[in-house]
Student: 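Below: one structure in C-alpha coordinates.
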Number of protein chains: 2
Amino acid sequence: MAQAGTVDRILDTAEVLFAQKGFAETSLRAITSKAGVNLAAVNYHFGSKESLVQAVFERFLTPFCAALDAKLDEMEASGVADTPENILGIMSRLVLGSHPEDPQRAAIFFRLSGQAYSQPQGHLREYLHQQYGAVFRRLQDHMQRAVPDVPPRELFWRVQFSLGATIFTLSGLESLKDISRNDFNMDVTEADITQRLLPFLVGGIKAPVPAV
Amino acid sequence: MAQAGTVDRILDTAEVLFAQKGFAETSLRAITSKAGVNLAAVNYHFGSKESLVQAVFERFLTPFCAALDAKLDEMEASGVADTPENILGIMSRLVLGSHPEDPQRAAIFFRLSGQAYSQPQGHLREYLHQQYGAVFRRLQDHMQRAVPDVPPRELFWRVQFSLGATIFTLSGLESLKDISRNDFNMDVTEADITQRLLPFLVGGIKAPVPAV
DNA sequence: GTATGTTTGAAACGTATGTTTTGAACGATG
DNA sequence: CATCGTTCAAAACATACGTTTCAAACATAC
(Lines give C-alpha, C1' and ligand atoms only; values in the text may rest on other atoms or scores of the structure.)
Protein backbone atom coordinates (compact mmCIF):
# COMPACT_ATOMS: atom_id res chain seq x y z
CA MET A 1 0.00 0.00 0.00
CA ALA A 2 3.10 2.15 0.14
CA GLN A 3 2.88 3.71 -3.27
CA ALA A 4 -0.39 2.42 -4.61
CA GLY A 5 -2.37 4.28 -7.21
CA THR A 6 -4.53 7.24 -6.34
CA VAL A 7 -7.74 5.24 -6.46
CA ASP A 8 -6.51 2.63 -4.03
CA ARG A 9 -5.01 5.18 -1.70
CA ILE A 10 -8.37 6.90 -1.56
CA LEU A 11 -10.18 3.63 -0.92
CA ASP A 12 -7.73 2.56 1.76
CA THR A 13 -8.02 5.83 3.60
CA ALA A 14 -11.77 6.24 3.18
CA GLU A 15 -12.35 2.74 4.48
CA VAL A 16 -10.53 3.47 7.72
CA LEU A 17 -12.02 6.91 8.23
CA PHE A 18 -15.57 5.80 7.44
CA ALA A 19 -15.23 3.02 9.98
CA GLN A 20 -13.74 5.36 12.55
CA LYS A 21 -16.05 8.33 12.22
CA GLY A 22 -18.98 7.45 9.99
CA PHE A 23 -19.89 8.55 6.50
CA ALA A 24 -21.36 11.94 7.11
CA GLU A 25 -18.73 12.83 9.66
CA THR A 26 -15.88 12.09 7.27
CA SER A 27 -15.15 14.89 4.82
CA LEU A 28 -13.55 14.43 1.46
CA ARG A 29 -10.83 16.78 2.58
CA ALA A 30 -10.02 14.55 5.51
CA ILE A 31 -9.76 11.59 3.18
CA THR A 32 -7.73 13.24 0.47
CA SER A 33 -5.33 15.01 2.80
CA LYS A 34 -4.64 11.86 4.77
CA ALA A 35 -4.32 9.88 1.58
CA GLY A 36 -1.95 12.44 0.12
CA VAL A 37 -3.99 13.05 -2.99
CA ASN A 38 -5.69 16.06 -4.40
CA LEU A 39 -9.16 16.94 -3.23
CA ALA A 40 -10.60 16.79 -6.72
CA ALA A 41 -9.38 13.23 -7.17
CA VAL A 42 -12.41 11.79 -5.41
CA ASN A 43 -14.90 13.43 -7.70
CA TYR A 44 -12.71 12.69 -10.68
CA HIS A 45 -12.34 8.98 -10.00
CA PHE A 46 -15.59 8.17 -8.25
CA GLY A 47 -17.95 10.91 -9.34
CA SER A 48 -19.33 11.73 -5.93
CA LYS A 49 -18.93 11.01 -2.27
CA GLU A 50 -21.84 8.60 -2.26
CA SER A 51 -20.26 6.61 -5.08
CA LEU A 52 -17.08 6.46 -3.06
CA VAL A 53 -19.01 4.93 -0.18
CA GLN A 54 -20.43 2.30 -2.48
CA ALA A 55 -16.99 1.63 -3.94
CA VAL A 56 -15.58 1.06 -0.47
CA PHE A 57 -18.26 -1.50 0.22
CA GLU A 58 -17.87 -3.23 -3.09
CA ARG A 59 -14.17 -3.65 -2.60
CA PHE A 60 -14.93 -5.22 0.74
CA LEU A 61 -17.93 -7.35 0.05
CA THR A 62 -17.32 -8.68 -3.43
CA PRO A 63 -14.24 -10.73 -2.48
CA PHE A 64 -15.84 -11.69 0.80
CA CYS A 65 -18.98 -13.01 -0.82
CA ALA A 66 -16.94 -14.81 -3.45
CA ALA A 67 -14.92 -16.50 -0.73
CA LEU A 68 -18.09 -17.39 1.11
CA ASP A 69 -19.56 -18.86 -2.04
CA ALA A 70 -16.41 -20.92 -2.51
CA LYS A 71 -16.52 -22.18 1.05
CA LEU A 72 -20.14 -23.19 0.60
CA ASP A 73 -19.25 -25.02 -2.61
CA GLU A 74 -16.50 -26.77 -0.73
CA MET A 75 -18.85 -27.69 2.06
CA GLU A 76 -21.44 -29.08 -0.33
CA ALA A 77 -18.83 -31.05 -2.24
CA SER A 78 -17.30 -32.59 0.85
CA GLY A 79 -20.69 -33.78 2.00
CA VAL A 80 -20.37 -32.26 5.45
CA ALA A 81 -23.68 -32.10 7.21
CA ASP A 82 -25.52 -28.81 7.46
CA THR A 83 -25.45 -27.81 11.08
CA PRO A 84 -25.68 -24.34 12.59
CA GLU A 85 -22.26 -24.86 14.09
CA ASN A 86 -20.68 -25.65 10.73
CA ILE A 87 -22.32 -22.82 8.87
CA LEU A 88 -21.58 -20.20 11.48
CA GLY A 89 -18.08 -21.61 11.87
CA ILE A 90 -17.42 -21.09 8.19
CA MET A 91 -18.57 -17.52 8.44
CA SER A 92 -16.54 -16.67 11.49
CA ARG A 93 -13.39 -18.27 10.15
CA LEU A 94 -13.91 -16.38 6.94
CA VAL A 95 -14.29 -13.04 8.63
CA LEU A 96 -11.46 -13.49 11.09
CA GLY A 97 -9.10 -15.13 8.65
CA SER A 98 -9.75 -13.18 5.48
CA HIS A 99 -6.95 -10.72 6.15
CA PRO A 100 -4.53 -12.44 8.47
CA GLU A 101 -1.85 -9.89 7.71
CA ASP A 102 -4.09 -7.13 9.04
CA PRO A 103 -6.15 -8.19 12.03
CA GLN A 104 -7.72 -4.77 12.31
CA ARG A 105 -9.31 -5.32 8.97
CA ALA A 106 -12.02 -7.50 10.46
CA ALA A 107 -12.92 -4.77 12.90
CA ILE A 108 -13.19 -2.29 10.07
CA PHE A 109 -15.41 -4.71 8.22
CA PHE A 110 -17.88 -4.87 11.06
CA ARG A 111 -17.84 -1.20 11.80
CA LEU A 112 -18.58 -0.49 8.18
CA SER A 113 -21.39 -3.02 8.17
CA GLY A 114 -22.81 -1.51 11.31
CA GLN A 115 -22.71 1.92 9.76
CA ALA A 116 -24.40 0.68 6.62
CA TYR A 117 -27.15 -1.07 8.50
CA SER A 118 -27.87 1.71 10.90
CA GLN A 119 -27.82 4.23 8.08
CA PRO A 120 -31.33 5.49 8.64
CA GLN A 121 -32.87 5.97 5.25
CA GLY A 122 -31.24 2.68 4.43
CA HIS A 123 -30.42 3.18 0.78
CA LEU A 124 -27.07 1.54 1.39
CA ARG A 125 -28.74 -1.33 3.15
CA GLU A 126 -31.02 -1.97 0.23
CA TYR A 127 -28.15 -1.69 -2.18
CA LEU A 128 -26.21 -4.31 -0.25
CA HIS A 129 -29.17 -6.59 -0.01
CA GLN A 130 -29.81 -6.29 -3.70
CA GLN A 131 -26.16 -6.75 -4.59
CA TYR A 132 -25.37 -9.61 -2.28
CA GLY A 133 -28.80 -11.05 -1.55
CA ALA A 134 -28.01 -14.23 -3.45
CA VAL A 135 -25.24 -15.33 -1.09
CA PHE A 136 -27.43 -14.40 1.82
CA ARG A 137 -30.23 -16.59 0.55
CA ARG A 138 -27.86 -19.43 -0.06
CA LEU A 139 -26.63 -19.16 3.50
CA GLN A 140 -30.17 -19.12 4.70
CA ASP A 141 -31.01 -22.24 2.67
CA HIS A 142 -28.18 -24.13 4.30
CA MET A 143 -29.32 -22.96 7.68
CA GLN A 144 -32.82 -24.12 6.85
CA ARG A 145 -31.51 -27.59 6.13
CA ALA A 146 -29.62 -27.45 9.41
CA VAL A 147 -32.76 -26.73 11.43
CA PRO A 148 -35.66 -28.13 9.42
CA ASP A 149 -37.99 -27.89 12.40
CA VAL A 150 -37.86 -24.11 12.38
CA PRO A 151 -40.37 -22.69 9.89
CA PRO A 152 -38.71 -20.68 7.10
CA ARG A 153 -40.26 -17.39 8.02
CA GLU A 154 -39.24 -17.94 11.60
CA LEU A 155 -35.73 -18.77 10.51
CA PHE A 156 -35.55 -15.64 8.39
CA TRP A 157 -35.93 -13.57 11.49
CA ARG A 158 -33.55 -15.65 13.52
CA VAL A 159 -30.88 -15.12 10.92
CA GLN A 160 -31.57 -11.41 11.11
CA PHE A 161 -31.27 -11.55 14.88
CA SER A 162 -27.95 -13.32 14.52
CA LEU A 163 -26.73 -10.74 12.08
CA GLY A 164 -27.77 -8.05 14.49
CA ALA A 165 -26.06 -9.57 17.48
CA THR A 166 -22.88 -10.05 15.49
CA ILE A 167 -22.58 -6.76 13.70
CA PHE A 168 -23.84 -4.74 16.61
CA THR A 169 -21.41 -6.25 19.07
CA LEU A 170 -18.35 -6.30 16.90
CA SER A 171 -18.97 -2.89 15.42
CA GLY A 172 -19.02 -1.29 18.84
CA LEU A 173 -16.24 -3.40 20.22
CA GLU A 174 -14.06 -0.51 21.33
CA SER A 175 -16.51 0.72 23.93
CA LEU A 176 -17.36 -2.80 25.01
CA LYS A 177 -13.71 -3.62 25.48
CA ASP A 178 -13.41 -0.76 27.92
CA ILE A 179 -16.49 -1.79 29.85
CA SER A 180 -15.40 -5.38 30.07
CA ARG A 181 -11.97 -4.28 31.19
CA ASN A 182 -13.44 -2.13 33.94
CA ASP A 183 -16.20 -4.44 35.15
CA PHE A 184 -14.49 -7.80 34.72
CA ASN A 185 -10.82 -6.96 34.47
CA MET A 186 -10.93 -8.94 31.27
CA ASP A 187 -9.22 -8.22 27.98
CA VAL A 188 -10.96 -9.47 24.90
CA THR A 189 -10.17 -9.83 21.25
CA GLU A 190 -12.34 -10.27 18.20
CA ALA A 191 -11.61 -13.97 18.32
CA ASP A 192 -12.76 -14.18 21.95
CA ILE A 193 -16.03 -12.56 21.08
CA THR A 194 -16.78 -14.82 18.17
CA GLN A 195 -15.96 -17.81 20.34
CA ARG A 196 -18.57 -16.61 22.81
CA LEU A 197 -20.93 -15.54 20.08
CA LEU A 198 -21.22 -18.87 18.32
CA PRO A 199 -22.90 -20.82 21.13
CA PHE A 200 -25.25 -17.92 21.70
CA LEU A 201 -26.32 -17.82 18.07
CA VAL A 202 -26.64 -21.59 17.82
CA GLY A 203 -28.78 -21.60 20.94
CA GLY A 204 -30.99 -18.90 19.51
CA ILE A 205 -31.37 -20.49 16.09
CA LYS A 206 -32.15 -23.89 17.52
CA ALA A 207 -34.53 -22.56 20.15
CA PRO A 208 -37.93 -24.22 20.28
CA VAL A 209 -40.57 -22.45 18.26
CA PRO A 210 -43.41 -21.42 20.54
CA ALA A 211 -46.86 -22.65 19.62
CA VAL A 212 -48.93 -19.88 18.09
CA MET B 1 -48.50 18.38 21.11
CA ALA B 2 -50.65 20.88 19.30
CA GLN B 3 -49.50 24.06 20.99
CA ALA B 4 -46.79 22.86 23.33
CA GLY B 5 -43.96 25.10 24.41
CA THR B 6 -41.04 25.79 22.17
CA VAL B 7 -38.77 23.39 24.02
CA ASP B 8 -41.13 20.48 23.67
CA ARG B 9 -41.91 21.21 20.06
CA ILE B 10 -38.21 21.13 19.33
CA LEU B 11 -37.75 17.86 21.21
CA ASP B 12 -40.73 16.23 19.55
CA THR B 13 -39.55 17.16 16.10
CA ALA B 14 -35.88 16.44 16.69
CA GLU B 15 -36.73 13.02 18.05
CA VAL B 16 -38.54 12.03 14.89
CA LEU B 17 -36.01 13.50 12.51
CA PHE B 18 -33.02 12.07 14.33
CA ALA B 19 -34.60 8.65 14.17
CA GLN B 20 -35.47 9.08 10.50
CA LYS B 21 -32.24 10.50 9.18
CA GLY B 22 -29.57 10.35 11.85
CA PHE B 23 -27.93 13.06 13.90
CA ALA B 24 -25.41 14.46 11.47
CA GLU B 25 -27.87 14.30 8.60
CA THR B 26 -30.49 16.31 10.45
CA SER B 27 -29.89 20.05 10.39
CA LEU B 28 -31.13 22.48 12.98
CA ARG B 29 -32.94 24.29 10.21
CA ALA B 30 -34.84 21.14 9.33
CA ILE B 31 -35.85 20.74 12.94
CA THR B 32 -36.82 24.32 13.62
CA SER B 33 -38.70 24.83 10.39
CA LYS B 34 -40.71 21.64 10.83
CA ALA B 35 -41.31 22.48 14.47
CA GLY B 36 -42.44 25.98 13.57
CA VAL B 37 -39.96 27.71 15.81
CA ASN B 38 -37.14 30.08 15.15
CA LEU B 39 -33.74 28.74 14.22
CA ALA B 40 -32.04 30.42 17.16
CA ALA B 41 -34.37 28.71 19.59
CA VAL B 42 -32.27 25.56 19.67
CA ASN B 43 -29.10 27.32 20.67
CA TYR B 44 -31.02 29.50 23.07
CA HIS B 45 -32.77 26.67 24.90
CA PHE B 46 -30.24 23.87 24.57
CA GLY B 47 -26.95 25.64 23.97
CA SER B 48 -25.80 23.50 21.07
CA LYS B 49 -26.88 20.79 18.74
CA GLU B 50 -25.03 18.14 20.71
CA SER B 51 -26.84 19.15 23.88
CA LEU B 52 -30.08 18.82 22.00
CA VAL B 53 -29.19 15.26 21.10
CA GLN B 54 -28.51 14.47 24.73
CA ALA B 55 -31.75 16.14 25.77
CA VAL B 56 -33.69 13.99 23.32
CA PHE B 57 -32.17 10.88 24.83
CA GLU B 58 -32.73 11.99 28.38
CA ARG B 59 -36.38 12.66 27.76
CA PHE B 60 -36.64 9.16 26.40
CA LEU B 61 -34.50 7.14 28.70
CA THR B 62 -35.08 8.68 32.10
CA PRO B 63 -38.77 7.74 32.28
CA PHE B 64 -38.06 4.42 30.66
CA CYS B 65 -35.39 3.46 33.15
CA ALA B 66 -37.55 4.66 36.00
CA ALA B 67 -40.38 2.46 34.77
CA LEU B 68 -38.00 -0.45 34.40
CA ASP B 69 -36.74 0.07 37.91
CA ALA B 70 -40.31 0.09 39.17
CA LYS B 71 -41.11 -3.11 37.30
CA LEU B 72 -38.08 -4.78 38.79
CA ASP B 73 -39.10 -3.63 42.26
CA GLU B 74 -42.53 -5.07 41.60
CA MET B 75 -41.02 -8.32 40.42
CA GLU B 76 -38.80 -8.63 43.46
CA ALA B 77 -41.65 -7.82 45.82
CA SER B 78 -44.02 -10.33 44.30
CA GLY B 79 -41.44 -13.07 44.65
CA VAL B 80 -41.69 -14.13 41.02
CA ALA B 81 -38.79 -16.32 40.05
CA ASP B 82 -35.96 -14.88 37.98
CA THR B 83 -36.16 -16.53 34.59
CA PRO B 84 -34.93 -15.21 31.25
CA GLU B 85 -38.48 -15.35 30.00
CA ASN B 86 -39.77 -13.17 32.83
CA ILE B 87 -37.00 -10.61 32.62
CA LEU B 88 -37.12 -10.26 28.86
CA GLY B 89 -40.90 -10.25 29.00
CA ILE B 90 -40.86 -7.29 31.35
CA MET B 91 -38.58 -5.42 29.02
CA SER B 92 -40.57 -6.10 25.90
CA ARG B 93 -43.86 -5.23 27.51
CA LEU B 94 -42.30 -2.05 28.78
CA VAL B 95 -41.01 -0.99 25.40
CA LEU B 96 -44.10 -1.92 23.46
CA GLY B 97 -46.53 -0.64 26.04
CA SER B 98 -44.83 2.50 27.23
CA HIS B 99 -46.64 4.71 24.75
CA PRO B 100 -49.80 2.89 23.77
CA GLU B 101 -51.30 6.04 22.30
CA ASP B 102 -48.42 6.27 19.83
CA PRO B 103 -47.25 2.88 18.57
CA GLN B 104 -44.62 4.47 16.37
CA ARG B 105 -42.91 5.71 19.47
CA ALA B 106 -41.38 2.32 20.15
CA ALA B 107 -39.88 2.29 16.66
CA ILE B 108 -38.41 5.71 17.23
CA PHE B 109 -36.95 4.50 20.49
CA PHE B 110 -35.09 1.70 18.79
CA ARG B 111 -33.92 3.72 15.87
CA LEU B 112 -32.52 6.29 18.24
CA SER B 113 -30.80 3.62 20.29
CA GLY B 114 -29.34 2.10 17.17
CA GLN B 115 -28.04 5.47 16.09
CA ALA B 116 -26.49 6.06 19.48
CA TYR B 117 -24.80 2.70 19.59
CA SER B 118 -23.49 2.76 16.07
CA GLN B 119 -22.25 6.30 16.54
CA PRO B 120 -18.63 5.61 15.79
CA GLN B 121 -16.62 7.57 18.28
CA GLY B 122 -19.21 6.44 20.76
CA HIS B 123 -19.30 9.42 23.07
CA LEU B 124 -23.04 9.11 23.22
CA ARG B 125 -22.74 5.43 23.95
CA GLU B 126 -20.49 6.10 26.90
CA TYR B 127 -22.74 8.85 28.13
CA LEU B 128 -25.70 6.52 28.08
CA HIS B 129 -23.79 3.75 29.77
CA GLN B 130 -22.63 6.12 32.46
CA GLN B 131 -26.05 7.65 32.90
CA TYR B 132 -28.09 4.49 32.92
CA GLY B 133 -25.51 1.85 33.74
CA ALA B 134 -27.09 1.17 37.11
CA VAL B 135 -30.34 -0.12 35.67
CA PHE B 136 -28.40 -2.12 33.18
CA ARG B 137 -26.36 -3.79 35.92
CA ARG B 138 -29.50 -4.49 37.90
CA LEU B 139 -31.02 -6.18 34.89
CA GLN B 140 -27.88 -8.16 34.44
CA ASP B 141 -27.92 -9.27 38.09
CA HIS B 142 -31.42 -10.60 37.69
CA MET B 143 -30.40 -12.39 34.56
CA GLN B 144 -27.47 -13.88 36.41
CA ARG B 145 -29.81 -15.30 39.00
CA ALA B 146 -31.94 -16.66 36.19
CA VAL B 147 -29.06 -18.59 34.64
CA PRO B 148 -26.58 -19.27 37.45
CA ASP B 149 -24.77 -21.85 35.36
CA VAL B 150 -23.54 -19.23 32.92
CA PRO B 151 -20.40 -17.53 34.22
CA PRO B 152 -20.84 -13.78 34.79
CA ARG B 153 -18.37 -12.68 32.17
CA GLU B 154 -19.97 -15.02 29.70
CA LEU B 155 -23.38 -13.63 30.57
CA PHE B 156 -22.16 -10.08 30.13
CA TRP B 157 -21.50 -10.80 26.50
CA ARG B 158 -24.71 -12.70 26.01
CA VAL B 159 -26.64 -9.73 27.26
CA GLN B 160 -24.72 -7.57 24.82
CA PHE B 161 -25.55 -9.98 22.04
CA SER B 162 -29.20 -9.80 23.02
CA LEU B 163 -29.10 -6.04 23.01
CA GLY B 164 -27.52 -6.15 19.60
CA ALA B 165 -30.05 -8.50 18.10
CA THR B 166 -32.88 -6.43 19.48
CA ILE B 167 -31.76 -2.93 18.66
CA PHE B 168 -30.28 -3.88 15.33
CA THR B 169 -33.39 -5.66 14.15
CA LEU B 170 -35.94 -3.21 15.40
CA SER B 171 -33.98 -0.16 14.39
CA GLY B 172 -33.86 -1.26 10.79
CA LEU B 173 -37.34 -2.62 10.73
CA GLU B 174 -38.50 -0.62 7.76
CA SER B 175 -36.14 -2.31 5.33
CA LEU B 176 -36.74 -5.70 6.90
CA LYS B 177 -40.47 -5.28 6.59
CA ASP B 178 -40.09 -4.81 2.86
CA ILE B 179 -37.84 -7.84 2.50
CA SER B 180 -40.14 -10.04 4.50
CA ARG B 181 -43.08 -8.81 2.47
CA ASN B 182 -41.35 -9.64 -0.78
CA ASP B 183 -39.77 -12.96 0.17
CA PHE B 184 -42.45 -14.36 2.42
CA ASN B 185 -45.51 -12.33 1.58
CA MET B 186 -45.70 -11.64 5.27
CA ASP B 187 -46.56 -8.42 7.05
CA VAL B 188 -45.00 -7.90 10.41
CA THR B 189 -45.34 -5.52 13.30
CA GLU B 190 -43.07 -4.60 16.17
CA ALA B 191 -45.07 -6.94 18.36
CA ASP B 192 -44.58 -9.82 15.91
CA ILE B 193 -40.85 -9.33 15.97
CA THR B 194 -40.57 -9.25 19.72
CA GLN B 195 -42.67 -12.38 19.91
CA ARG B 196 -40.16 -14.08 17.62
CA LEU B 197 -37.25 -12.43 19.31
CA LEU B 198 -37.92 -13.65 22.82
CA PRO B 199 -37.41 -17.39 22.19
CA PHE B 200 -34.29 -16.62 20.22
CA LEU B 201 -32.78 -14.58 23.03
CA VAL B 202 -33.78 -17.08 25.68
CA GLY B 203 -32.21 -19.85 23.64
CA GLY B 204 -29.03 -17.86 23.28
CA ILE B 205 -28.78 -16.87 26.90
CA LYS B 206 -29.44 -20.38 28.14
CA ALA B 207 -27.14 -22.00 25.63
CA PRO B 208 -24.58 -24.41 27.07
CA VAL B 209 -21.24 -22.84 27.80
CA PRO B 210 -18.56 -24.63 25.81
CA ALA B 211 -15.66 -26.06 27.75
CA VAL B 212 -12.57 -23.93 27.37
C1' DG C 1 -47.21 51.88 34.47
C1' DT C 2 -42.79 51.27 34.45
C1' DA C 3 -38.93 48.31 34.84
C1' DT C 4 -36.75 43.83 34.54
C1' DG C 5 -35.77 39.31 32.99
C1' DT C 6 -37.08 36.02 29.49
C1' DT C 7 -38.24 34.52 25.06
C1' DT C 8 -38.74 35.22 20.18
C1' DG C 9 -37.65 36.92 15.27
C1' DA C 10 -34.88 38.11 11.33
C1' DA C 11 -30.59 38.62 9.78
C1' DA C 12 -25.88 38.03 9.54
C1' DC C 13 -21.36 35.65 10.51
C1' DG C 14 -17.81 32.50 9.88
C1' DT C 15 -16.75 28.23 8.43
C1' DA C 16 -16.82 23.67 6.32
C1' DT C 17 -18.69 21.03 2.94
C1' DG C 18 -19.19 18.68 -1.93
C1' DT C 19 -18.40 19.92 -6.38
C1' DT C 20 -16.61 22.27 -10.57
C1' DT C 21 -13.41 24.59 -13.26
C1' DT C 22 -9.15 25.51 -15.53
C1' DG C 23 -4.49 24.30 -16.97
C1' DA C 24 -0.54 22.10 -16.44
C1' DA C 25 2.01 17.57 -16.42
C1' DC C 26 2.30 13.14 -18.14
C1' DG C 27 2.35 9.05 -21.24
C1' DA C 28 1.22 6.65 -25.05
C1' DT C 29 0.21 6.80 -30.10
C1' DG C 30 0.54 8.33 -34.81
C1' DC D 1 7.71 15.77 -32.76
C1' DA D 2 3.06 16.70 -32.44
C1' DT D 3 -1.37 15.08 -30.60
C1' DC D 4 -4.58 13.26 -27.86
C1' DG D 5 -6.69 11.17 -23.82
C1' DT D 6 -5.73 10.68 -19.04
C1' DT D 7 -4.42 12.16 -14.59
C1' DC D 8 -3.22 15.56 -11.37
C1' DA D 9 -2.98 20.18 -8.94
C1' DA D 10 -4.63 24.63 -7.31
C1' DA D 11 -8.14 27.56 -6.95
C1' DA D 12 -12.63 29.01 -6.90
C1' DC D 13 -17.70 28.15 -6.43
C1' DA D 14 -21.96 27.66 -4.47
C1' DT D 15 -24.23 26.12 -0.73
C1' DA D 16 -25.42 24.44 3.79
C1' DC D 17 -24.27 24.34 8.27
C1' DG D 18 -23.99 25.70 13.52
C1' DT D 19 -23.78 29.68 15.88
C1' DT D 20 -24.16 34.62 17.22
C1' DT D 21 -26.09 39.06 17.31
C1' DC D 22 -29.42 42.49 18.46
C1' DA D 23 -33.68 44.48 18.66
C1' DA D 24 -38.55 43.64 19.24
C1' DA D 25 -42.18 41.26 21.86
C1' DC D 26 -43.63 39.33 25.90
C1' DA D 27 -44.47 38.27 30.61
C1' DT D 28 -44.01 39.26 35.41
C1' DA D 29 -43.21 41.84 39.53
C1' DC D 30 -42.89 45.99 41.83
Side-chain angles (χ1 to χ4, degrees), chain A residues 1-59 112 115-116 118-124 127, chain B residues 1-59 112 115-116 118-124 127:
Chain A
M1 154 168 152
Q3 198 40 2
T6 304
V7 170
D8 284 313
R9 282 220 303 285
I10 292 175
L11 286 173
D12 287 335
T13 312
E15 178 180 279
V16 174
L17 290 183
F18 283 157
Q20 267 176 8
K21 310 170 73 114
F23 304 124
E25 293 82 357
T26 302
S27 68
L28 292 186
R29 283 170 175 82
I31 296 172
T32 53
S33 74
K34 184 165 187 179
V37 304
N38 191 271
L39 167 62
V42 170
N43 288 284
Y44 176 74
H45 287 287
F46 298 95
S48 68
K49 184 182 181 180
E50 188 171 323
S51 304
L52 171 62
V53 174
Q54 283 198 0
V56 167
F57 272 90
E58 276 181 16
R59 197 178 64 147
L112 280 179
Q115 298 272 338
S118 66
Q119 193 87 335
Q121 100 214 43
H123 75 296
L124 226 168
Y127 165 80
Chain B
M1 161 169 151
Q3 199 40 3
T6 303
V7 171
D8 285 313
R9 282 218 303 283
I10 292 175
L11 286 172
D12 287 336
T13 312
E15 177 180 279
V16 173
L17 290 184
F18 284 156
Q20 266 175 9
K21 311 171 74 115
F23 303 127
E25 293 83 355
T26 302
S27 68
L28 293 186
R29 284 170 173 83
I31 296 172
T32 52
S33 74
K34 184 165 185 177
V37 306
N38 191 270
L39 168 61
V42 170
N43 288 284
Y44 175 75
H45 286 287
F46 297 95
S48 68
K49 185 182 180 180
E50 188 172 323
S51 305
L52 172 62
V53 174
Q54 283 199 1
V56 167
F57 271 89
E58 275 180 16
R59 197 179 62 148
L112 280 179
Q115 298 272 340
S118 65
Q119 193 88 334
Q121 99 214 44
H123 76 296
L124 225 167
Y127 165 79

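Hydrogens, waters and symmetry mates play no part in the numbers below; they use all other heavy atoms, side chains included. We name chains A, B, ... by the order of the sequence lines, and we start the count at 1 in each one. What you see is a predicted model, and the numbers here were worked out from it, not measured in a lab.
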Student: Take atom CG of A:N43 and atom P of D:dA14, then tell me their distance rounded to the nearest Å.
Tutor: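 The distance from CG of A:N43 to P of D:dA14 comes to 17 Å, rounded to the nearest Å.
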Student: Look at all strands and tell whether A:T32 reaches a base, only sugar-phosphate, or nothing, counting heavy atoms closer than 4.0 Å.
Tutor: nothing
Student: Taking the nucleotide of DNA chain C with the nearest heavy atom to each, does B:A40 or A:Y44 sit closer to the 5' end?
Tutor: B:A40
Student: Check B:F46 against B:S51 and note the closest heavy-atom contact, atom names and distance.
Tutor: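 Taking every non-hydrogen atom into account, O-CB, 3.1 Å.
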Student: Please list, in 5' to 3' order, the outermost nucleotides of DNA chain C lying under 4.0 Å from any heavy atom of chain B.
Tutor: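 For DNA chain C, the relevant span reads C:dT6 to C:dA12.
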Student: By the 4.0 Å heavy-atom rule, please label A:T26 as base, sugar-phosphate, or nothing.
Tutor: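 Here A:T26 touches the backbone only, sparing every base.
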Student: Taking atom P of D:dA16 as reference, at what distance in whole Å does atom CG of B:L39 sit?
Tutor: 14 Å
Student: Side chains of B:F18 and B:E25: does their closest heavy-atom pair fall under 4.5 Å?
Tutor: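 Answer no - side chains too far apart.
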Student: What is the distance from CZ of A:R29 to P of D:dC17, rounded to the nearest Å?
Tutor: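 That distance rounds to 16 Å.
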Student: May I have the distance from B:F46 (atom CZ) to D:dT19 (atom P), rounded to whole angstrom?
Tutor: 13 Å
Student: Whole angstroms only, please: what is the CG-P distance between A:D8 and D:dT7?
Tutor: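 Taking atom P of D:dT7 as the reference, CG of A:D8 is at 13 Å.
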Student: Can a side chain N or O of A:H45 be found less than 4.0 Å away from OP1 or OP2 on D:dC8?
Tutor: yes
Student: Hey, does A:N38 have a side-chain heavy atom less than 4.5 Å from the side chain of A:T32?
Tutor: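 Not touching, per the 4.5 Å side-chain cut-off.
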Student: In whole angstrom, give the distance that lies between atom CD of B:E50 and atom C1' of D:dT19.
Tutor: 14 Å
Student: Using the criterion of both pairing distances under 3.5 Å for Watson-Crick and G-U wobble pairs, give all stems of 3 or more consecutive pairs involving DNA chain D.
Tutor: C:1-30 with D:1-30
Student: For the residue pair A:L39 and A:I31, establish whether any side-chain heavy-atom pair is separated by less than 4.5 Å.
Tutor: no
Student: So, the side chain of B:K34 versus the backbone of B:I10: is there a donor-acceptor pair under 3.5 Å, distance only?
Tutor: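 Flag not set: sc B:K34 to bb B:I10 has no pair under 3.5 Å.
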Student: May I ask you to say what B:A41 touches in the nucleic acid, namely base, sugar-phosphate or nothing, with a heavy-atom cut-off under 4.0 Å?
Tutor: nothing
Student: Closer than 4.0 angstrom, basic N to acidic O: yes or no for A:D12 and A:R59?
Tutor: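 Result for this pair is yes, salt bridge flagged.
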Student: I need the minimum non-hydrogen distance between B:S48 and B:V42, along with the two atoms involved.
Tutor: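 Result for this residue pair: O-CG1, 4.4 Å.
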Student: Measure from the side-chain N and O atoms of A:K49 to the backbone N and O of A:F23, and report whether any donor-acceptor pair falls under 3.5 Å.
Tutor: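 A pair under 3.5 Å: yes.
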Student: Check whether any side-chain heavy atom of B:V37 sits under 4.5 Å from a side-chain heavy atom of B:T13, and report yes or no.
Tutor: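 No, side chains not in contact.
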